[in-house]
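As the structure is a computational prediction, the values presented were derived from the model and not from experiment.
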Amino acid sequence: MEEKAKLTVGDKTIELPIITGSEEEKGIDISKLRSSSGCITYDPGYGNTGACKSSITFLDGEKGILHYRGYPIEQIAENCNFVETAYLLIYGELPNRDQLENFSNSFTEHATIHEDMKNFFYGYPPYGHPMGILSAMVCSLSAYYPELAKAEPTKEEIDRIAVQLLSKIRTICAFSYKKSIGEPFVYPRPELKYIPNFLNMMFSSPSRAYEIDEDEVNAMRVLFILHADHEQNCSTSTVRIVGSSRANLFASVAAGICALWGPLHGGANQEVIEMLAMIYKDGCNVKKYVDLAKESHGEFRLMGFGHRVYKNFDPRAKIIKQKTDALLRKKGIHDPLLDVAVKLEEVALKDPYFIERKLYPNVDFYSGIIYRAIGIPLNMFPVMFAIGRLPGWIAHWKEMIEDPATKIGRPRQIYTGCTRRDFVPIEKRG
Ligand code: CMC
């Protein structure tokens, strides 16, 4: 028998269907709620609202579980490369050898951007934040591929846009960095794989060739994979809601980049390092900042702590912490900010405020230490998150437009403003 929830509003009781996901999580289907009860739901931040059905990523925040298409994140991070992970997220299955080779080869073919687009970079001041530049550039790709920037692309066209975006994003990010430091652009090299190609475009210069460091490449591979998808997070929901109006994928991803930029989301990795540097400069008085976070009623937050969904631990943070230790040891780097981070984590995790609120280090807490060790500049940290998250955005956009149940995203509201009143001429206003 179909399970139902009962809701009583005034003297009327209505029945609402319960839907069950493949991992047995349950949702009350309220799609007919307004027509049957006259009420809508009120859920700021959508903490209890399922906006879609999705088969891409499963996470259980209480148990600290994260699966991509059913595969535990730990196994994917250990065994896959980033391109393979992108394929898995977008197409639902791990690629076989031929599929992976074709997919990788198409990246090589599409790595360059239109020469005219280089002019855009000259228009930005060197201090412009690379996330703003990235979003504008990704949206601008729609002008160069008008045949792909359409409301309802075919499957083949979606494949082409996905490859264009995944491949070109590296070039755009590296070019914006080169422009900001006044060095000539380094073009993608066809013989290099996804991550070495990106690092080469970032770090090679006329005076110095970048030497591929496998430890750096591996650390970055793991970071990109851990960032690749996280179900209905703020930026992915943005991509979905923008795309639900049938805006093209370039435009939808550009919006997602802007959502990711915020310090409570992907911008947190930059903020974490700024916070750790501040604590370090202030004599490493970790307790002072833990107290500040407790006493400031949300004004000052420990960046890299807390998560809407994870209430036990963030499995990504666990893996990143191990990778951080391993990379720094391998490279013989002693980063004093890592010491501050470890101390901060230790003190916060024992503090009743953080225990009661179930606040743990999240994916952004240690990732910045790795980026620093690789030499990625601070304001590029959120950009690294964006490169990593791109497969997830594409997968969700594709899933959304292929789902016949998709409707334009349009939440309701509870209006709390003035009730009807008559216009007052200016001379009679107080
Ligand atoms: N430091 C201190 N207090 C915190 C923190 C923090 N980092 N995070 C939450 N709290 C407190 C908050 O003040 C509130 O306290 P009270 O109940 O007394 O009002 C309580 O914990 C619940 O917080 P919330 O803001 O209602 O929780 P949320 O689920 O809406 O927010 C969050 C989640 C990630 C935005 C938040 O934890 C936060 O701001 N963290 C710092 C920024 C950060 O690290 N963001 C990266 C998130 S992971 C990467 C990603 O996917 O984006």
Side-chain angles (χ1 to χ4, degrees), residues 1-63 65-70 89-90 92 150-153 155 158 229-249 251-253 255-256 259 265 307-311 392-420:
M1 207 176 69
E2 200 191 340
E3 222 183 330
K4 301 251 190 207
K6 281 190 180 153
L7 177 72
T8 304
V9 183
D11 55 4
K12 199 171 163 196
T13 298
I14 53 165
E15 288 197 331
L16 299 163
I18 292 183
I19 47 173
T20 307
S22 49
E23 293 277 0
E24 297 301 317
E25 76 281 21
K26 290 187 188 296
I28 300 173
D29 178 350
I30 55 144
S31 53
K32 303 269 184 311
L33 179 65
R34 192 167 168 273
S35 56
S36 53
S37 73
C39 288
I40 59 163
T41 56
Y42 176 63
D43 185 20
Y46 308 127
N48 302 286
T49 297
C52 61
K53 291 181 185 167
S54 178
S55 60
I56 301 169
T57 288
F58 169 71
L59 74 89
D60 180 329
E62 272 69 36
K63 296 190 185 133
I65 291 174
L66 173 60
H67 295 168
Y68 290 168
R69 300 285 190 183
L89 288 169
I90 296 169
K150 45 161 85 158
E152 286 171 32
K155 272 196 185 326
I158 296 175
D229 192 43
H230 214 230
E231 50 119 298
Q232 310 306 320
N233 57 86
C234 176
S235 57
T236 302
S237 300
T238 301
V239 169
R240 275 186 175 261
I241 206 156
V242 172
S244 76
S245 76
R246 296 284 180 263
N248 65 69
L249 182 53
S252 304
V253 167
H265 192 8
H307 197 277
R308 168 61 61 78
V309 183
Y310 291 122
K311 300 296 174 196
W393 291 332
I394 296 170
H396 281 271
W397 188 89
K398 180 173 183 289
E399 182 179 71
M400 182 202 59
I401 66 158
E402 289 173 355
D403 181 356
T406 296
K407 288 169 154 233
I408 187 167
R410 206 294 183 193
R412 314 262 332 186
Q413 64 168 14
I414 303 289
Y415 175 69
T416 57
C418 295
T419 51
R420 189 203 176 281

A.B. asks: Can you find a heavy atom in the side chain of Val239 that is under 4.5 Å from one in the side chain of His396?
C.D. replies: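 Side chain of Val239 against side chain of His396, heavy atoms only: no contact under 4.5 Å found.
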
A.B. asks: Side-chain contact, heavy-atom cut-off 4.5 Å: Ile401 with Thr406?
C.D. replies: no

A.B. asks: A quick test of your reading: do over 12 heavy atoms of other residues, nucleotides or ligands sit less than 6.0 Å from OH of Tyr42?
C.D. replies: no

A.B. asks: Is there a side-chain contact between Asn48 and Thr41 in this structure, where contact means two heavy atoms from C-beta onward sitting under 4.5 Å apart?
C.D. replies: no

A.B. asks: Would you check if Leu89 and Thr57 make a side-chain contact, meaning some heavy-atom pair closer than 4.5 Å?
C.D. replies: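 Yes - at least one pair of side-chain heavy atoms lies under 4.5 Å apart.
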
A.B. asks: Just by distance, do the side chain of Lys63 and the backbone of Leu59 share a donor-acceptor pair under 3.5 Å?
C.D. replies: no

A.B. asks: Compare every heavy atom of Arg240 with every heavy atom of Met400, then report the nearest pair and how far apart it is.
C.D. replies: SD-O, 3.0 Å

A.B. asks: For Ala259 and Thr238, which heavy atoms make the closest approach, and how far apart are they?
C.D. replies: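 What the structure gives for the nearest pair is CB-OG1, 3.4 Å.
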
A.B. asks: For Ile28, does the CD1 atom sit with more than 12 other heavy atoms under 6.0 Å from it, leaving out its own atoms?
C.D. replies: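 No, the 6.0 Å shell around CD1 holds no more than 12 heavy atoms from other groups.
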
A.B. asks: How close do His230 and Tyr310 get, heavy atom to heavy atom, and via which atoms?
C.D. replies: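 Closest pair (atom of His230, atom of Tyr310, distance): NE2-OH, 2.7 Å.
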
A.B. asks: Any chance you could measure Lys26, atom NZ, to Glu3, atom CD, to the nearest 0.5 Å?
C.D. replies: 4.0 Å

A.B. asks: Going through the distances and angles, do Trp393 and Ser235 end up as a side-chain hydrogen bond (donor to acceptor under 3.5 Å, both in side chains)?
C.D. replies: CA-CA 8 Å; Trp393 291 332; Ser235 57; 3.1 Å; yes

A.B. asks: Listed by chain and number, what are the side-chain contact (heavy atoms from CB on, under 4.5 Å) partners of Glu2, not counting sequence neighbours?
C.D. replies: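 side-chain contact (heavy atoms from CB on, under 4.5 Å) list for Glu2, sorted by chain: Lys4, Pro17.
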
A.B. asks: Quick one, Phe58 and Ser22 - any side-chain contact, counting heavy atoms below 4.5 Å?
C.D. replies: no

A.B. asks: Kindly indicate, with the supporting measurements, whether the criterion side chain to side chain contact (heavy atoms under 4.5 Å, CB included) is fulfilled by Glu402 and Ile158.
C.D. replies: CA-CA 11 Å; Glu402 289 173 355; Ile158 296 175; 4.1 Å; yes

A.B. asks: Do you know which two heavy atoms are closest between His265 and Cys234, and how far apart they sit?
C.D. replies: CD2-CB, 3.6 Å

A.B. asks: Residues in salt bridge (charged side-chain N to carboxylate O under 4.0 Å, His left out) with Lys150, at least two apart?
C.D. replies: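 Salt bridge (charged side-chain N to carboxylate O under 4.0 Å, His left out) check on Lys150 returns Glu157.
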
A.B. asks: Do Arg69 and Ile56 make a side-chain contact, defined as non-hydrogen atoms from C-beta onward lying under 4.5 Å apart?
C.D. replies: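 In contact.
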
A.B. asks: Can you give each donor-acceptor pair under 3.5 Å made by side-chain atoms of residues 29-38, sequence neighbours left out, with the distance rounded to 0.1 Å?
C.D. replies:
unit_1 : atom_1 : unit_2 : atom_2 : d
Asp29  : OD1    : Ser31  : N      : 2.9
Asp29  : OD1    : Ser31  : OG     : 2.6
Ser35  : OG     : Lys32  : O      : 3.0
Ser36  : OG     : Lys32  : O      : 2.8
Ser36  : OG     : Leu33  : O      : 3.4
Ser37  : OG     : Leu33  : O      : 2.8
Ser37  : OG     : Cys39  : N      : 3.1

A.B. asks: Could you tell me if the side chain of Asp60 sits less than 4.5 Å from the side chain of Glu25, heavy atoms only?
C.D. replies: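 Sidechains of Asp60 and Glu25: no contact.
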
A.B. asks: For Gln413 versus Ile40, what's the shortest heavy-atom pair and its separation?
C.D. replies: O-CD1, 3.4 Å

A.B. asks: Which pair of heavy atoms, one from Val242 and one from Ser245, lies closest together, and at what distance?
C.D. replies: O-OG, 2.9 Å

A.B. asks: Between Glu231 and Ser54, do the side chains contain a donor N or O and an acceptor N or O under 3.5 Å apart?
C.D. replies: no

A.B. asks: Does some side-chain heavy atom of Val253 sit less than 4.5 Å from a side-chain heavy atom of Trp397?
C.D. replies: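 Contact flag for Trp397/Val253 side chains = no.
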
